[in-house]
Number of protein chains: 2
Amino acid sequence: MTAVEQSPLVLKLSNFVVLTDTELNVLHHLHRRGRSFVAGRDLVQQGQSEQAAYILAKGWVCSYKIQPDGSRQIIDFQIPGDFLGLRSVLLRTSDHSFEPITDIQAAEVPAGDLLAAFAQTARLATAVLWAASRDEAMVVEHLVNLGRRDADVRVAHFLLELGARLALVGMGSKTGYDCPLTQYHLADALGLSAVHVNRVLRQLRENGLVTFRNGKVMFDDRDRLVQFAEFDPEYLDQTGPLLT
Amino acid sequence: MTAVEQSPLVLKLSNFVVLTDTELNVLHHLHRRGRSFVAGRDLVQQGQSEQAAYILAKGWVCSYKIQPDGSRQIIDFQIPGDFLGLRSVLLRTSDHSFEPITDIQAAEVPAGDLLAAFAQTARLATAVLWAASRDEAMVVEHLVNLGRRDADVRVAHFLLELGARLALVGMGSKTGYDCPLTQYHLADALGLSAVHVNRVLRQLRENGLVTFRNGKVMFDDRDRLVQFAEFDPEYLDQTGPLLT
DNA sequence: CGTCATTTTGACTGGAGTCAAACCGGGTGG
DNA sequence: CCACCCGGTTTGACTCCAGTCAAAATGACG
């Protein structure tokens, strides 16, 4: 019926839970307060505590921490359908910053609205918590990536994970996806230097595994790439008790 | 009155929230089902889903993931007062394994009991969620550690963080703490080889910063160590809306 | 056409891994 | 009581992955 059903969040949650009209209405209500932000200017400053979360509708964001020496570690990327600052709202803490990578559109969700929505439909609360738990599993996987994988496998794994996430909201397929990240973004996320990221990308490309170029990621040989990256999407699948 | 007040969990939560008799009673109730496990044998296998969480009362545990190539990445260490598998209970997923590092004692908390306790006192639920959010902040900091710090700073930072956590449950001070970890544990947690961990520890010791030996960690010059490690305990402080 | 961000490439360096061998302390069994 | 073993620690020699520095190439944009 309405455009809500096209919203990335609805698409994403639909992978876990069958949403009824009630929940769709509540979600529609949450999307009420649309806002826009331009690329580059931080959304929430490190350390600051916010009383509202955002549901990302369009564009890409990253969350990161700056080190005293000026280097940056990207914790995670947010793509359409993801929450921004959900934890800050629920738990009144925000220990990192958000930077829009592209111009973005997001729905602002005051803490009160969110809690009210959860109170209205427990199923929605469950679905959102699942999404949050998946985000956390991704942070853990990211940690494993940094701690125990070489640069080439690390990059490959990252590109596959991103593809899987995008596919959930209809923005990617088995063959590839659009990706506005620069090689600096990859470097900051993967704990590598931009120069080395470039070398690794070249190597992956020349080996016919994956091509990262002109804002597009193309899986040239996805099966071999999955094998090379030791990519096991289990931690993303979340086929929980599928509420019907 | 009872021994509950000595429980590490109570000690820890007391840092965030003033607990009333009601909450102390509920906590006491949760501690009812004491169980013991021996060092080395896994508590929960990777991938398995559990219907109970544990409150660690005595001993140390680590949570980790094994890579296809056999190497291991330790996600986090659990010390007395920490929950084990809290997320698995709330969200029905468990994507990593737990290994007792020492013999341990823990209280088994069935999912139902936990949810009932939360329903009884929202303040307790809030306190526990705070603790969980702190754990998550630590995982994020761990990620930054792996991604952006050299081995020496990484090790120093880790030892300081551990000390701060132990201090919260009365098991450590500004001068040092007892620590049953081997250098292999440090290596698996910090994404280093055991050999290199050893070299770094020697260097830190010879520089008069910190000594890791015979199951003890001694801060030889804590101020300089804090500075060297760029350790900012803000993410641990969690001085939230201090419910009274 | 110039500017700026981003990508690409090369040469060199250094931090951390690997391999290998001692060493040490505490159990344990002959 | 001593020899042995075993997990953990320590040290050295060598290798190599990834960082740094520097410069050129590319490309979007005003």
Side-chain angles (χ1 to χ4, degrees), chain A residues 38-41 60 62 67 69-73 99 101-103 145-159 178-206 210-218 228, chain B residues 38-41 60 62 67 69-74 99-103 145-156 158-159 178-206 210-218:
Chain A
V38 297
R41 183 146 52 251
W60 293 44
C62 69
Q67 291 298 103
D69 70 355
S71 69
R72 161 169 102 156
Q73 177 64 50
E99 178 195 290
I101 289 168
T102 65
D103 291 349
N145 219 1
L146 292 182
R148 285 287 167 223
R149 293 202 260 257
D150 294 356
D152 45 7
V153 178
R154 211 184 290 180
V155 170
H157 192 278
F158 172 81
L159 293 177
D178 290 336
C179 174
L181 303 180
T182 68
Q183 295 181 3
Y184 284 97
H185 286 121
L186 294 192
D188 284 348
L190 299 173
L192 300 168
S193 68
V195 173
H196 199 59
V197 165
N198 183 280
R199 285 192 275 250
V200 167
L201 286 175
R202 170 157 56 113
Q203 186 199 314
L204 291 174
R205 183 175 356 108
E206 288 175 351
V210 60
T211 304
F212 178 99
R213 211 164 225 183
N214 302 323
K216 290 204 191 315
V217 173
M218 279 171 298
F228 175 74
Chain B
V38 297
R41 183 145 53 249
W60 293 44
C62 69
Q67 290 299 103
D69 71 354
S71 69
R72 160 169 103 154
Q73 177 64 49
I74 291 181
E99 178 195 290
I101 290 168
T102 64
D103 291 350
N145 219 1
L146 292 181
R148 284 289 167 221
R149 292 201 260 257
D150 296 359
D152 45 7
V153 178
R154 213 184 288 181
V155 170
F158 173 80
L159 294 177
D178 291 336
C179 173
L181 304 179
T182 68
Q183 295 181 3
Y184 285 96
H185 285 121
L186 294 192
D188 284 348
L190 298 173
L192 300 168
S193 69
V195 173
H196 199 59
V197 165
N198 183 282
R199 285 193 274 251
V200 167
L201 286 174
R202 169 156 59 112
Q203 186 199 315
L204 291 175
R205 183 176 355 109
E206 288 174 352
V210 60
T211 305
F212 179 98
R213 209 164 226 183
N214 302 322
K216 291 202 191 314
V217 173
M218 279 172 298

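A, B, ... follow the sequence lines: proteins, then strands. Residue 1 opens every chain.
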More 5' along DNA chain D: B:A194 or A:V200, using each one's nearest nucleotide? B:A194

Examine D:dT11: is either OP1 or OP2 under 4.0 Å from a nitrogen or oxygen in the side chain of B:R202? Give yes or no. yes

Rounded to whole Å, the CG-P distance (B:N214 to D:dG8) equals 14 Å

Kindly indicate whether the side chain of B:L186, heavy atoms from C-beta on, has any atom under 4.5 Å from the side chain of B:V200. no

Residue-phosphate contact under 4.0 Å: A:Q183 side-chain N/O, C:dA5 OP1/OP2: no

For a quick check of understanding: with a heavy-atom distance under 4.0 Å over all strands, which category does A:V195 fall into, base, sugar-phosphate or nothing? base

A:L146 atom CG is separated from C:dA16 atom C1', nearest whole Å, by 16 Å

Between A:Q73 and B:R149, is any pair of side-chain heavy atoms under 4.5 Å apart? no

Can you find a heavy atom in the side chain of B:F158 that is under 4.5 Å from one in the side chain of B:L181? yes

A:L201 near the nucleic acid: base, sugar-phosphate alone, or nothing, with a heavy-atom cut-off under 4.0 Å? nothing

Does any part of the side chain of A:C179, heavy atoms only, come nearer than 4.5 Å to the side chain of A:H185, both counted from C-beta? no

Students often get this wrong, so: under 4.0 angstrom with heavy atoms, is B:G40 touching a base, only sugar-phosphate, or nothing? nothing

When rounded to whole Å, the CG to P distance for the pair A:D152 and D:dA18 reads 7 Å

Please state how far atom CZ in A:R199 lies from atom C1' in D:dG19, giving the value in whole angstrom units. 8 Å

A:H196 NE2 - C:dC12 C1' separation (whole Å): 15 Å

Given atom CZ of A:F212 and atom P of C:dT8, what is their separation to the nearest angstrom? 9 Å

Write down the distance between CZ (B:R148) and P (D:dT20), rounded to a whole number of angstrom. 9 Å

Across the strands shown, which category fits A:G215 at heavy-atom distances under 4.0 angstrom: base, sugar-phosphate, nothing? nothing

Starting at atom CG of A:L204, determine the distance to atom P of C:dT7, rounded to an integer number of angstrom. 15 Å

Is a donor-acceptor pair below 3.5 Å formed from side chain A:R205 to base C:dT7, judging by atom type as modelled? no

Using a heavy-atom cut-off of under 4.0 Å over every strand shown, decide if A:S193 touches base, sugar-phosphate, or nothing. base

Phosphate OP1/OP2 of D:dT9 contacted by B:N198 side-chain N/O (<4.0 Å): no

Are any of the side-chain heavy atoms of A:D188 and B:R148 separated by less than 4.5 Å? yes

OP1, OP2 of C:dT8 versus side-chain N and O of A:R213: anything below 4.0 Å? yes

